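Fair warning: this is a prediction, and the values are worked out from it, not measured in the lab.
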Amino acid sequence: MDMLMATNILDNIICQIKELRNDCSFKRLLKRTDEFAENSIVDFLPLVSSRLKRVPRKSGELSRDEIISCPMKKFKIDTYNVIMDILLTELSGRFESTNIGPLKDLSLLSSRRIREVQTNPHIVPCDAFDALCSMYTLIDKNALLTEYIEFCKNFTEIENSIVLPKYFNKNVTVDYDYYYYYYHYTPYSDNSMEDDSVKIVNHNIASTRELFKLFCLAKLANIFPNLYLVLKLSITLPVTSCSVERTFSKLKLIKTKLRTTMSQDRLENLMKISCEQDIINNENVILLFAAKSSVLTKCLIY
């Protein structure tokens, strides 16, 4: 889903919950439930008012808690309003304005938005990248905006130059909206000698990951440094805190009482090996570690 679309849906949901919190919405909901109960073949028992408990007033007590006798009013106060308040608190705390603003700025980095700006550079919002640059002060907003517009203007040429064309001197129109081309190396086999081939994969036009791949393949980090930094931020921002919590669990297993004198560099390297097992080749780690001395080479390789 597009980031801008997701943030707009979240804002709409928060407004809807706020509307459900008032008395008029509760009355409409109560009317709909009564109509459903009347038209249903299942018999629903009505809410029964409980017997009021008489609590004796203690000495020095000047006021008493109001006892709710109406069962519907009790349900509204103790259940309905509590649920709506919890939803509003959780959504507002997790997706507050300081968090939504940078997400809207990051939505400009998708292929879909870049193609829109490419056709019409004047549609870039006036406050683009304001929230992002205010949060990350090391990024220059004016330089970032200039790099973004220049990159959008040359996006098609950059994307077409990733893979060598079939003809140098012929203008061939290729639709890159749904496909993304990149080099896929096919290793040589014993039976046949194959060259580097081009692989076509489905391309998510709302994702910034494919755009970051394009930056890495085209070596654009030095040409658009601020835009490259923002792309790195966009793909490294965690969606949830589960991975962070799992990392702290690994930290407890690695840094024990017997390893309290471990240096920071060694601890970071061990954490990477433990947490990033899907992208780290253990054989290469063993070979690099064994190459440190002849004793390790004999123990680990021979």
Side-chain angles (χ1 to χ4, degrees), residues 1 3 6-7 10 90-91 93-96 98-100 102-103 105-107 109-111 132 135-139 162 180 182-189 196 199 201-204 206-222 224-302:
M1 184 182 291
M3 193 76 72
T7 53
L10 278 172
E90 292 294 330
L91 288 176
R94 180 169 294 187
F95 303 103
E96 56 184 357
T98 56
N99 298 332
I100 291 292
L103 293 179
D105 291 336
L106 293 178
S107 66
L109 302 178
S110 62
S111 301
L132 188 66
M135 179 176 292
Y136 301 99
T137 56
L138 69 159
I139 302 174
I162 294 298
Y180 181 76
Y182 66 94
Y183 280 110
H184 175 67
Y185 178 70
T186 303
Y188 296 127
S189 60
D196 292 353
K199 184 179 179 182
V201 296
N202 290 332
H203 174 43
N204 184 2
S207 174
T208 59
R209 180 183 177 184
E210 303 298 334
L211 190 61
F212 183 74
K213 288 182 180 179
L214 177 64
F215 257 71
C216 295
L217 290 172
K219 308 295 183 182
L220 300 176
N222 296 327
F224 305 105
N226 292 281
L227 187 57
Y228 177 73
L229 182 59
V230 172
L231 280 172
K232 288 181 67 176
L233 289 173
S234 66
I235 64 172
T236 54
L237 287 175
V239 180
T240 62
S241 60
C242 297
S243 59
V244 180
E245 292 172 359
R246 285 196 294 265
T247 304
F248 280 108
S249 300
K250 288 286 186 180
L251 180 62
K252 294 179 181 179
L253 298 176
I254 293 174
K255 191 170 184 180
T256 59
K257 293 181 179 179
L258 300 177
R259 295 175 178 172
T260 53
T261 59
M262 186 190 308
S263 63
Q264 185 67 25
D265 294 337
R266 180 176 175 82
L267 177 61
E268 291 179 359
N269 294 331
L270 290 177
M271 287 290 296
K272 290 178 182 178
I273 295 173
S274 179
C275 299
E276 307 294 342
Q277 297 181 3
D278 54 338
I279 62 175
I280 295 178
N281 191 348
N282 295 330
E283 296 295 332
N284 294 336
V285 174
I286 293 174
L287 292 175
L288 290 174
F289 185 67
K292 297 295 182 180
S293 66
S294 59
V295 178
L296 292 175
T297 304
K298 292 179 181 179
C299 295
L300 298 176
I301 297 179
Y302 298 108

Inset, instruction - Return yes when atom CG of N222 has more than 12 non-hydrogen atoms of other residues, nucleotides or ligands closer than 6.0 Å, and no otherwise. - result: no

Legend entry - Heavy-atom check, side chain of T297 versus side chain of K292, under 4.5 Å: no

Inset, instruction - Could you grab the distance from atom CG of L211 to atom OG of S111, nearest 0.5 Å is fine? - result: 5.5 Å

Inset, instruction - Apply side chain to side chain contact (heavy atoms under 4.5 Å, CB included) to S107 and list each qualifying residue two or more places apart in sequence or on a separate chain. - result: M3, L4

Legend entry - Any residue meeting side chain to side chain contact (heavy atoms under 4.5 Å, CB included) with F289, in chain and number order, not counting sequence neighbours: L296, L300

Legend entry - Note, L227 side chain near F215 side chain (heavy atom, < 4.5 Å): yes

Inset, instruction - Would you please name every residue forming a side chain to side chain contact (heavy atoms under 4.5 Å, CB included) with K272, sequence neighbours left out? - result: I280

Inset, instruction - Check for a donor-acceptor pair, side chain of T236 on one end and backbone N or O of L233 on the other, with a separation under 3.5 Å. - result: yes

Legend entry - Min side-chain heavy-atom separation L106-V230 under 4.5 Å: yes

Legend entry - 4.5 Å side-chain heavy-atom contact, R259 and M262: yes

Legend entry - Closest heavy-atom pair and its distance - L270, I254: O-CD1, 3.7 Å

Legend entry - From T247 atom OG1 to K252 atom NZ, the distance as rounded to the nearest 0.5 Å: 12.5 Å

Inset, instruction - Write down the atom of K250, the atom of M271, and the distance for their closest heavy-atom approach. - result: C-SD, 4.3 Å

